[in-house]
Protein chains: 2
Amino acid sequence: MTQTKSENSAKMKDVADLAGVSIKTVSRVLNNEPHVQEKLRRKVREAAEKLEYVPSHSARSLRGNRSYDINLVCHNAGSVYVNSIQFGGVIACQELGYQLSISLMEDLDQMAMRDIRAAFETVMKRRRPDGVILLAPYANDEKIGFVLQEMGIPVVRVGPVELQNKGLLVEIDDYQAAIEVVRHLADLGHKNIGFIRGSENQRATHVRYSGFCVAMEAAGLTVEDALVRPGAFDFQSGYEAGQFYLGHTSRPSAVFASNDDMAAGLVAAYTEHGLKVPKDISVVGFDDSSIATCMRPYLTTVRQPLSDLGARAVRELVASLSGTGKPEARRIVLDHEFVLRDTTAPPNTK
Amino acid sequence: MTQTKSENSAKMKDVADLAGVSIKTVSRVLNNEPHVQEKLRRKVREAAEKLEYVPSHSARSLRGNRSYDINLVCHNAGSVYVNSIQFGGVIACQELGYQLSISLMEDLDQMAMRDIRAAFETVMKRRRPDGVILLAPYANDEKIGFVLQEMGIPVVRVGPVELQNKGLLVEIDDYQAAIEVVRHLADLGHKNIGFIRGSENQRATHVRYSGFCVAMEAAGLTVEDALVRPGAFDFQSGYEAGQFYLGHTSRPSAVFASNDDMAAGLVAAYTEHGLKVPKDISVVGFDDSSIATCMRPYLTTVRQPLSDLGARAVRELVASLSGTGKPEARRIVLDHEFVLRDTTAPPNTK
DNA sequence: TCCAATATTGACAACCTTGTCAAAAATCGC
DNA sequence: GCGATTTTTGACAAGGTTGTCAATATTGGA
């Protein structure tokens, strides 16, 4: 009755024998293929259930030439941004019977075409993923897209991308979000608004900046180039931007940092200098990552549904796999949310 | 000369043909098996190189009954702790030709044996990993260990564990580290030292606490029960502990928070209350996670080499796989480091 | 120099699934 | 009711690798 060894899991053959059919029929039932009598279907299902049959992953992928793997390609695994997206991706994969693996690729965007190809071939060939998720800064890289296309691996990109109509894309409307941020600050009465850029190789930096500029103009304000500071999406660069503002003759009354870490760095610099946020400066971040509520005062920011982006990316990718083969171009935009907390206030009119 | 299609990657057969040997010989060379002439070895290697041969993962695992997968089982993917370990794990896997996958298991420690078994069977059977990395709070769970052992899946645990001599274990010496922290505070002249516990289901909480108690006694100090606060390894619980201390009649002059997030929360509570760290209170954290240098003042803490722990766990696990089959019990202790920064100072003697 | 022992090599099966194609059964039209 | 069509089913091969075992080449000893 019971199994003799917990080691030996049932094969298709065993299910077939128990159900009194051929293994091919079992295969058909388990893959929901047509052309099987309802009666046999039930029988097979019962047998499979009884034997706790689980298909062999390796046999399947060997024969079917699919790996049931989705590969997440990113530069800096370990960052909150990447991890949140990954989190959603893992969940979605788990649901769909896929597995999410992670490839760390170093400075791919600096490399020549042939080296990129080599890098991918090494990592991808071993266990060729059925699809790849490209995160910033690689999502926007043409060469990488080309190599992957050449290798015939379907791709979904996450985050803003220049290359429009280039397959699947999942993102939020960074442009619109930036506009909302500026509008909020302008509504509070701020005129002198600074901006901290993110990494220059990430498209989000440019999109948010152009939203910033457009909204400034719409509000009848001018963008002071001196108040636009470089950054790298990390605490340190926000801190440095803060120090710059503190030493600058005409300080901004508000700053839009293009992510939360930089906003936190900026606040740290001001606080350390004995100034108060939002009394002495209003600050808005971007992402609503954990630091936004682990700092004081709580950070006003834009919530980006990172894990949803990851989950959606996986789902769209997997859905596209069973499609006709032609990867249709699709752009999915998830909702962001302006989160008003405590780092913004009307300008200090002395 | 060049390949006709980038699609068709070379198989063992192709390498064998080019080298003028049988595929079995190719297999032997590529797996570093003995009994092949040096001359043929070279020939085969050259042929493989030329054809850019990469072994088929699925064929290998089908035949060899191995998946080349290491599964990381954790509760809360997304936490810095988990992500750092994972990061090291991914790197090590990449080097070794393995792949790291992640399983999110919810509240496994609350479940009955049979449900745990069911949970693992669902996730593990599909693509049975060659080994599993167990992180807190699951590393210390007997039931989980038993289920995995029953399934015949080798395990490596990361972090402090009660179950000694139960297979592979990679950790730092939490006990000793806690002692060093207390010694530092005692040396500064602190007498009234508080402690913030972490999650009660994590062994680290208890080990660090007992190190704390022992070192207190060794320094001739008494542990004031009222100053030992509960926590959950997150910012919020540290913040709450801070609020408690602030409202308490005899405030501690120093606090050892059992991780950085809680230390940061504590500092936030004090700062918000208009007090200064370390003037009004000395604080030490644990982990040296990113928040330690993203807060002001910089946090004195204990560096735990998380990504090294992850990498080492993978390496030991993989090494043990090719062993005799008997998983030997081994305990690997990596070095921690006391990191002196700016949140500790002699007590404020008014 | 020849036989025994050893080292090297290769043919073939096996791993478990799915695709192909043909056989068998059921259905339909007249 | 019978042949033609459609539906259902199964036998067999294939996918790329590694283990088994037999065949062959090499070495050593007498």
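Order of the sequence lines fixes the chain letters, A, B, ..., with proteins taken first and strands second; residue numbering starts at 1 for each chain.
What separates CE of A:M12 from C1' of D:dT9 is a distance of 15 Å, to the nearest Å. The CD-P distance, from A:E38 to D:dT8, rounds to 11 Å in whole Å. Between A:K13 atom NZ and D:dG10 atom P there is a gap of 13 Å when expressed in whole angstrom units. If you take CZ of A:R66 and C1' of C:dT17, they are 14 Å apart, rounded to a whole angstrom. Put simply, NE2 on A:H57 is 12 Å from P on C:dT18, counting in whole angstrom units. Straight-line distance from the CG atom of B:N31 to the C1' atom of D:dG19: 12 Å, rounded to whole Å. As rounded to whole Å, 10 Å separates atom P of C:dA26 from atom NZ of A:K39.
Out of C:dT9, D:dT9, D:dT18, the shortest distance to the side chain of A:L40 is found at D:dT9. For B:R63, whose side chain is taken as the heavy atoms from C-beta onward, the closest listed nucleotide among C:dT9, D:dG16, C:dT18 is D:dG16. Picking from C:dC16, D:dT9, C:dT9 the nucleotide with the shortest atom distance to the side chain of A:S56 gives C:dC16. Minimum atom distance to the side chain of A:L62 is reached by D:dG15, of the listed C:dT8, D:dT9, D:dG15. Listed candidates were C:dT9, D:dG16, D:dT18. Nearest to the side chain of B:V36 is C:dT9.
The residues B:R42 and B:E38 are annotated as not salt-bridged, no charged nitrogen and carboxylate oxygen being separated by less than 4.0 angstrom.
Here the rule is side-chain contact (heavy atoms from CB on, under 4.5 Å) with B:I133, and of B:V73, B:L317, B:L168 only B:L317 fits it.
Within the 4.5 Å cutoff, no side-chain heavy atoms of A:P129 are placed close to those of A:I70. Within the 4.5 Å cutoff, the side chain of A:V161 has no heavy atoms near those of the A:E171 side chain.
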Under 3.5 Å between N/O atoms: give me all the protein pairs with nucleotides 4-7 of chain D, atom names plus distance.
none

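In terms of modelled atom types and a separation under 3.5 Å, the side chain of A:Y138 and the main chain of A:M105 share a donor-acceptor contact. For the pair B:N83 (side chain) and B:S79 (backbone), a donor-acceptor distance under 3.5 Å is present.
At least one test fails for B:R117 against the ring of B:F120: distance under 6.0 Å to the centre or angle within 45° of the axis.
Judged by distance alone with a 3.5 Å cut-off, a donor-acceptor contact links the side chain of B:R28 to the base of C:dG10.
Side-chain N/O atoms of A:Y68 include none lying less than 4.0 angstrom from OP1 or OP2 on C:dT17.
Comparing B:Q37 and A:S27 by the nucleotide of DNA chain C whose heavy atom lies nearest to each, the residue mapping closer to the 5' end is B:Q37. Residues A:A59 and A:E33 each lie close to DNA chain C; by heavy-atom proximity, the contact nearer the 5' end of the strand is made by A:A59.
The two residues B:S58 and A:S61 make their nearest non-hydrogen contact at CB-OG, 3.4 Å. Nearest approach of B:L321 to B:Y98, heavy atoms of both residues: CD1-OH, 3.7 Å.
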Residues A:R45, A:Y53; criterion side-chain hydrogen bond (donor to acceptor under 3.5 Å, both in side chains); working and verdict:
CA-CA 10 Å; A:R45 290 238 166 77; A:Y53 170 76; over 6 Å; no

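No engagement by B:N65 is indicated, since no non-hydrogen atom pair under 4.0 Å with the nucleic acid exists.
Applying a 4.0 Å cut-off to non-hydrogen atoms, the residues of residues 17-24 of chain A that approach DNA chain D are A:V21, A:S22, A:K24, listed by residue number.
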